[in-house]
Amino acid sequence: MTEILEFDRQHLWHPYTSMVDPLPCYEVVSAEGVMIQLRDGRELIDGMSSWWCAIHGYNHPELNRALVDQSQKMSHVMFGGITHAPAVELAQLLIDLTPASLDRVFFADSGSVAMEVALKMVMQYWFANGRPDKHRLLTIAGGYHGDTFGAMSVCDPVTGMHEKFVNVLPKHLFAPRPSSRFGEKLNDDDRDSLTKLIETHHNELAALVLEPIVQGAGGMWFYSAEYLKLVRQLCDAFDLLLVFDEIATGFGRTGEMFAVDHVDIEPDVLCVGKALTGGVMTLAACLANERIANGISADGGVLMHGPTFMANPLACAVAKRSIELLDESDWRSCVKRINAQLELELRPLERLRGVFDVRVIGAIGVVQMDAPVNVAQLQTQFVNYGVWIRPFNDLIYLMPPYITRPDQLSLLANAINMAIS
Ligand SMILES: *Cc1c(COP(=O)(O)O)cnc(C)c1O
């Protein structure tokens, strides 16, 4: 083991990892396009986009330039009492891209923090409007919204981390995960279970919080767009606010710019993150409509949040350039092409022993196994094969950068095929 790996093993925590018996770790020295370069000289094709972020690939000259240019003006300046062009220009882009009613922007420093802010927005809204009794949240099982306490409280109660924090987490309400698949009509069970919960509990509910269309880290599940229509109808009928977490789905991943664009509805709050900066820096944002913004301040109140690095100019500048790059590239055809190839090359795996389900949407391909996989063993196989794929639980999945070439995508799909056959 090299010195770096040895020190890392002794001293560094990794995501969701034991400090005593950590999973093996690989040292990366550089990354370029869709290739990740290991210390030992091996090069891996990236199938993960570094957890949904690196949509344009790594070391992109335009994104690098945006960062360098901004760093020569100012890398950071506090956002209390100060504003700057990078924040304003990025906000303008986000307002233009997202549903029309969302035109008030809060910049946060990570997805989880953006979710905390979204939850504060809906809680403060009802408090300021004389309904402090509307303080619980409704969400759907199988969700993932981040690792901070507020976000965690709406993650799936089983695969999430609830059992470790039972006494600290607020008790919110969970509707069953919609069983109607993406592309299908909404079935009666899904309609009835959600309707019943809202009918029963609306007096204590501040908002319905969910990931539209694609549930990510909670199980990589894709559900019927009609569910979102129902969700909006019920929220209107029973006076609940509606929060969409598009931190994973935003910026083209599902085949539309945002997952909400699969239907003709608008949430009251929408969170973005992950691919926002093209994977270069951490940044997230919460967009709200006028009702929320004015409601919070109805009694002279203010939104009680203000991160130290709020609207960091470097992150805003690189995010702006990343969105422009999406605009300049033909991202829609890239995602379509990846989608068609994932269908072609992953779909046949459905017939293999041990495979429970194969599903594809946009530039996301998922192979769900019958049982949890051995992550360390699979990861070694993948690295030996020259690809970077990180499974979790019973899920082996791909969400490659949009610039991935067909031959590279084939190698990713083949790697999954080899590993499970
Ligand atoms: C990753 C993720 C988050 C949390 O974002 P972080 O930047 O990791 O804090 C929240 N919601 C969804 C849907 C995510 O995929």
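Keep in mind that what you see is a predicted model, and the values were worked out from it rather than measured.
Distance alone, capped at 3.5 Å, places no donor-acceptor pair between the Lys320 side chain and the Leu90 backbone. With Ser180 contributing its side chain and Glu184 its backbone, the two residues share no donor-acceptor pair below 3.5 Å. No side-chain donor-acceptor contact under 3.5 Å links Glu6 to the backbone of Gln10. One N or O on the side chain of Glu266 and one on the backbone of Ser101 form a donor-acceptor pair closer than 3.5 Å. Although no hydrogens or angles enter the test, the distance criterion places no donor-acceptor pair under 3.5 Å between the side chain of Thr159 and the main chain of Asp156. Between the side chain of Asp8 and the backbone N or O of Ile4, no donor-acceptor pair lies under 3.5 Å. Within the 3.5 Å criterion, the main-chain N or O of Asp189 finds a donor-acceptor partner in the side chain of Asn187. Gln341 contributes a side-chain N or O that, together with a main-chain N or O of Pro406, makes up a donor-acceptor pair within less than 3.5 Å. Judged purely by atom type and a 3.5 angstrom limit, Ser50 has no side-chain atom pairing as donor or acceptor with the backbone of Cys53. Judged by distance alone, the side chain of Glu211 and the main-chain N or O of Gly216 form a donor-acceptor pair under 3.5 Å.
Annotation: side chain of Met310 is in contact with side chain of Phe106 (closest heavy-atom distance under 4.5 Å). Using a 4.5 Å heavy-atom cutoff, the side chains of Glu43 and Ile36 are not in contact. At a threshold of 4.5 Å between non-hydrogen side-chain atoms, the residues Ile389 and Leu378 do not count as touching. At least one side-chain heavy atom of Ile420 sits less than 4.5 Å from a side-chain heavy atom of Leu349. Taking 4.5 Å as the limit, every side-chain heavy atom of Arg177 sits out of range of all side-chain heavy atoms of Tyr223. For the pair Leu230/Leu186, a side-chain contact is recorded, criterion being any heavy-atom separation below 4.5 Å from C-beta on. With contacts defined as side-chain heavy-atom distances shorter than 4.5 Å, the pair Val117/Cys286 qualifies.
With respect to the salt-bridge test (charged N to carboxylate O, under 4.0 angstrom), the residues Glu226 and Lys229 do not qualify. Look at Glu199 and Lys196 and you find no salt bridge, because none of the NZ, NE, NH1 or NH2 atoms lies under 4.0 Å from a carboxylate O. In this structure, Arg359 pairs ionically with Asp357, as a charged nitrogen and a carboxylate oxygen lie closer than 4.0 Å.
Rounding to the nearest 0.5 Å gives a distance of 10.0 Å between OG of Ser153 and NZ of Lys171. Here the CG-CZ distance, from Asn339 to Arg332, works out to 12.5 Å after rounding to the nearest 0.5 Å. Taking CG from Asn59 and OG from Ser30, the interatomic distance works out to 7.5 Å, rounded to the nearest 0.5 Å. The OG1 atom of Thr17 sits 10.5 Å away from the CZ atom of Arg9 when rounded to the nearest 0.5 Å. The structure places CG of Asp69 at 10.5 Å from CZ of Arg321, a figure rounded to the nearest 0.5 Å. Separation of atoms CZ (Arg136) and NE2 (His202) is listed at 14.0 Å; rounding is to 0.5 Å.
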| request: Go through Ser112 and Asp147 one step at a time and tell me if the side chain to side chain donor-acceptor pair (under 3.5 Å) criterion holds. | output: CA-CA 6 Å; Ser112 302; Asp147 294 345; 5.6 Å; no

| message | Run Gln368 and Val358 through side-chain contact (heavy atoms from CB on, under 4.5 Å) and show every step you take. | response | CA-CA 6 Å; Gln368 184 171 15; Val358 173; over 6 Å; no

| Would Ile338 and Leu409 satisfy side-chain contact (heavy atoms from CB on, under 4.5 Å), going step by step from the backbone distance to the final call? | CA-CA 8 Å; Ile338 292 172; Leu409 191 55; 3.9 Å; yes

| Does the pair Leu346 and Val366 meet the rule for a side-chain contact (heavy atoms from CB on, under 4.5 Å), with working shown? | CA-CA 8 Å; Leu346 289 185; Val366 178; over 6 Å; no

| query | Are Leu44 and Met35 close enough, and set up right, to give a side-chain contact (heavy atoms from CB on, under 4.5 Å), and what steps lead you there? | reply | CA-CA 5 Å; Leu44 311 178; Met35 303 306 291; 5.9 Å; no

| task | Take Phe165 and Phe149 through the ring-ring contact (aromatic ring centres under 6.0 Å, His included) test and state the conclusion after the steps. | result | CA-CA 9 Å; Phe165 303 101; Phe149 276 91; 5.4 Å; yes

| side chain to side chain donor-acceptor pair (under 3.5 Å) evaluation trace for Asn203 with Asp133 | CA-CA 7 Å; Asn203 278 326; Asp133 49 321; over 6 Å; no

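No more than 12 heavy atoms of other residues, nucleotides or ligands sit less than 6.0 Å from atom CE of Met78. By the 6.0 Å contact criterion, OH on Tyr397 is enclosed, its count of non-hydrogen atoms from other residues, nucleotides or ligands being greater than 12. For Glu328, the CD atom counts as densely surrounded, since its 6.0 Å shell holds more than 12 non-hydrogen atoms of other residues, nucleotides or ligands. Sparse packing is recorded around CE of Met304, with 12 or fewer heavy atoms of other residues, nucleotides or ligands lying under 6.0 Å away.
Residue pairs meeting the salt bridge (charged side-chain N to carboxylate O under 4.0 Å, His left out) criterion with at least one member in residues 101-126, sequence neighbours excluded, are Arg104-Glu290. Screening residues 269-303 for ring-ring contact (aromatic ring centres under 6.0 Å, His included), with sequence neighbours left out, gives no hits. Screening residues 71-81 for side chain to side chain donor-acceptor pair (under 3.5 Å) gives His76-Asn312 as the qualifying pairs, with residues at least two apart or on separate chains. Sequence neighbours left out, the pairs with a member in residues 261-301 that pass ring-ring contact (aromatic ring centres under 6.0 Å, His included) are Phe182-His262.
The closest side-chain donor-acceptor pair between Gln379 and Arg390 falls under 3.5 angstrom. A donor-acceptor pair shorter than 3.5 Å can be found between the side chains of Asp330 and Ser333. Side-chain contact, Thr139 with His172: no donor N or O sits under 3.5 Å from an acceptor N or O. Tyr58 and Asp46 share a side-chain donor-acceptor pair at under 3.5 Å.
Taking Phe222 as the reference, nothing meets the ring-ring contact (aromatic ring centres under 6.0 Å, His included) condition, with sequence neighbours excluded.
Proximity of the aromatic rings of Phe251 and Phe258 is defined here by a centroid distance below 6.0 angstrom, and this criterion is met. Between Phe127 and His135, the distance separating the two ring centers is not shorter than 6.0 angstrom.
Figure legend: cation-pi geometry between Arg253 and Trp52 absent, as NZ or CZ is not positioned both under 6.0 Å from the six-membered ring centre and within 45° of its axis.
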Which side-chain N or O atoms in residues 234-249 pair as donor and acceptor under 3.5 Å with protein atoms at least two apart or in another chain?
unit_1, atom_1, unit_2, atom_2, d
Asp236, OD1, Arg232, NE, 3.3
Asp236, OD1, Arg232, NH2, 2.9
Asp239, OD1, Arg291, NH2, 3.0
Asp245, OD1, Ile247, N, 3.0
Asp245, OD2, His145, ND1, 2.7
Glu246, OE1, Thr249, OG1, 2.8
Glu246, OE1, Ala259, N, 2.7
Glu246, OE2, Ala259, N, 3.2
Glu246, OE2, Val260, N, 2.9

